[in-house]
Engineer: 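Mind looking over this structure? Questions follow.
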Amino acid sequence: MFLTAYLFKVMSRLNSSGDVFSIEKTLKLTGSVYVRIPADGRGQVRLSVNNATRFVDAISEDHVDLDSFSDVSVVRVVDGTTVSVKKLK
């Protein structure tokens, strides 16, 4: 029983923080619109964070329509799941 408890204790230290996603890591990243973002609505953007592709909810910073496949840059974090993006020129 002590051996089992010890093994569980050792295994609990093996978790990795490498796969934990923090939306703050998306600031100033560039990506592309995955789901169209209406002027006053939400869509999704595709971003590469730590060599992994993430799909994040997004709104338009300038309140303009952003079509799919448009290149954008993240300018601010709105909440824990949404970012605000601006179209790249």
Side-chain angles (χ1 to χ4, degrees):
M1 223 165 43
F2 289 112
L3 179 61
T4 304
Y6 175 74
L7 288 175
F8 276 107
K9 183 177 179 181
V10 169
M11 288 175 36
S12 70
R13 291 189 221 151
L14 293 178
N15 59 352
S16 171
S17 63
D19 61 352
V20 175
F21 174 70
S22 173
I23 196 142
E24 284 77 21
K25 292 179 182 178
T26 63
L27 275 175
K28 299 182 182 177
L29 290 180
T30 58
S32 63
V33 176
Y34 185 69
V35 175
R36 182 182 170 276
I37 304 171
D40 291 319
R42 290 179 185 260
Q44 280 190 335
V45 293
R46 182 179 60 214
L47 303 168
S48 178
V49 181
N50 295 335
N51 295 325
T53 301
R54 300 285 183 170
F55 296 93
V56 180
D57 291 339
I59 61 171
S60 174
E61 180 74 12
D62 297 329
H63 300 286
V64 295
D65 290 337
L66 298 173
D67 292 325
S68 295
F69 308 110
S70 299
D71 292 327
V72 293
S73 176
V74 177
V75 292
R76 68 184 171 93
V77 174
V78 177
D79 58 33
T81 60
T82 308
V83 295
S84 181
V85 296
K86 190 177 255 191
K87 186 173 182 174
L88 294 176
K89 295 180 182 184

Engineer: How close do Lys87 and Val72 get, counting heavy atoms only, and between which atoms?
Structural biologist: CA-CG1, 4.1 Å
Engineer: So do Val83 and Arg76 actually touch side chain to side chain, heavy atoms under 4.5 Å?
Structural biologist: no
Engineer: Using 0.5 Å steps for rounding, measure from the OG atom of Ser84 to the CD atom of Glu61.
Structural biologist: 3.5 Å
Engineer: Distance-only, no hydrogens or angles: does the Asp65 side chain make a donor-acceptor pair with backbone N or O of Pro38 under 3.5 Å?
Structural biologist: no
Engineer: Checking one residue: Leu3. Which other hydrophobic residues are in its cluster under the side-chain 4.5 Å linking rule?
Structural biologist: Leu7
Engineer: Could you check if a side-chain atom of Val33 sits within less than 4.5 angstrom of a side-chain atom of Asp67, using non-hydrogen atoms only?
Structural biologist: no
Engineer: Would you check if Leu88 and Thr30 make a side-chain contact, meaning some heavy-atom pair closer than 4.5 Å?
Structural biologist: yes
Engineer: Please examine the side chains of Thr81 and Val56, heavy atoms only from C-beta on, and report whether any two atoms are closer than 4.5 Å.
Structural biologist: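 In short, these two side chains do not touch, never coming nearer than 4.5 Å.
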Engineer: Between Ile37 and Val85, is any pair of side-chain heavy atoms under 4.5 Å apart?
Structural biologist: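 In contact.
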Engineer: Do you know which two heavy atoms are closest between Asp71 and Ser32, and how far apart they sit?
Structural biologist: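 Distance-wise, the nearest heavy atoms are OD1-CB, 4.2 Å.
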Engineer: Excluding sequence neighbours, so at least two apart, what forms side-chain contact (heavy atoms from CB on, under 4.5 Å) with Val64?
Structural biologist: Ser60, Asp62, Leu66
Engineer: Who are the side-chain hydrogen bond (donor to acceptor under 3.5 Å, both in side chains) partners of Ser70, not counting sequence neighbours?
Structural biologist: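 side-chain hydrogen bond (donor to acceptor under 3.5 Å, both in side chains) list for Ser70, sorted by chain: empty.
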Engineer: Mind checking whether Leu27 and Leu47 sit in one hydrophobic cluster, side chains of I, L, V, M, F, W, Y counted as touching below 4.5 Å?
Structural biologist: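 Cluster IDs for Leu27 and Leu47 match.
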Engineer: Got a sec, which residues hit side-chain contact (heavy atoms from CB on, under 4.5 Å) with Arg42, two or more places apart in sequence or on another chain?
Structural biologist: Ile59, Asp79, Thr82
Engineer: To the nearest 0.5 Å, what is the distance between NZ on Lys25 and CZ on Arg54?
Structural biologist: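 Answer for the NZ-CZ pair, Lys25 versus Arg54, is 8.5 Å.
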Engineer: Can you list every ring pair (Phe, Tyr, Trp, His ring centres under 6.0 Å) pair that touches residues 69-89, not counting sequence neighbours?
Structural biologist: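 Of all non-adjacent pairs touching residues 69-89, none passes ring pair (Phe, Tyr, Trp, His ring centres under 6.0 Å).
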Engineer: What residues, two or more places apart in sequence or in another chain, satisfy side-chain contact (heavy atoms from CB on, under 4.5 Å) together with Thr53?
Structural biologist: Arg46, Phe55
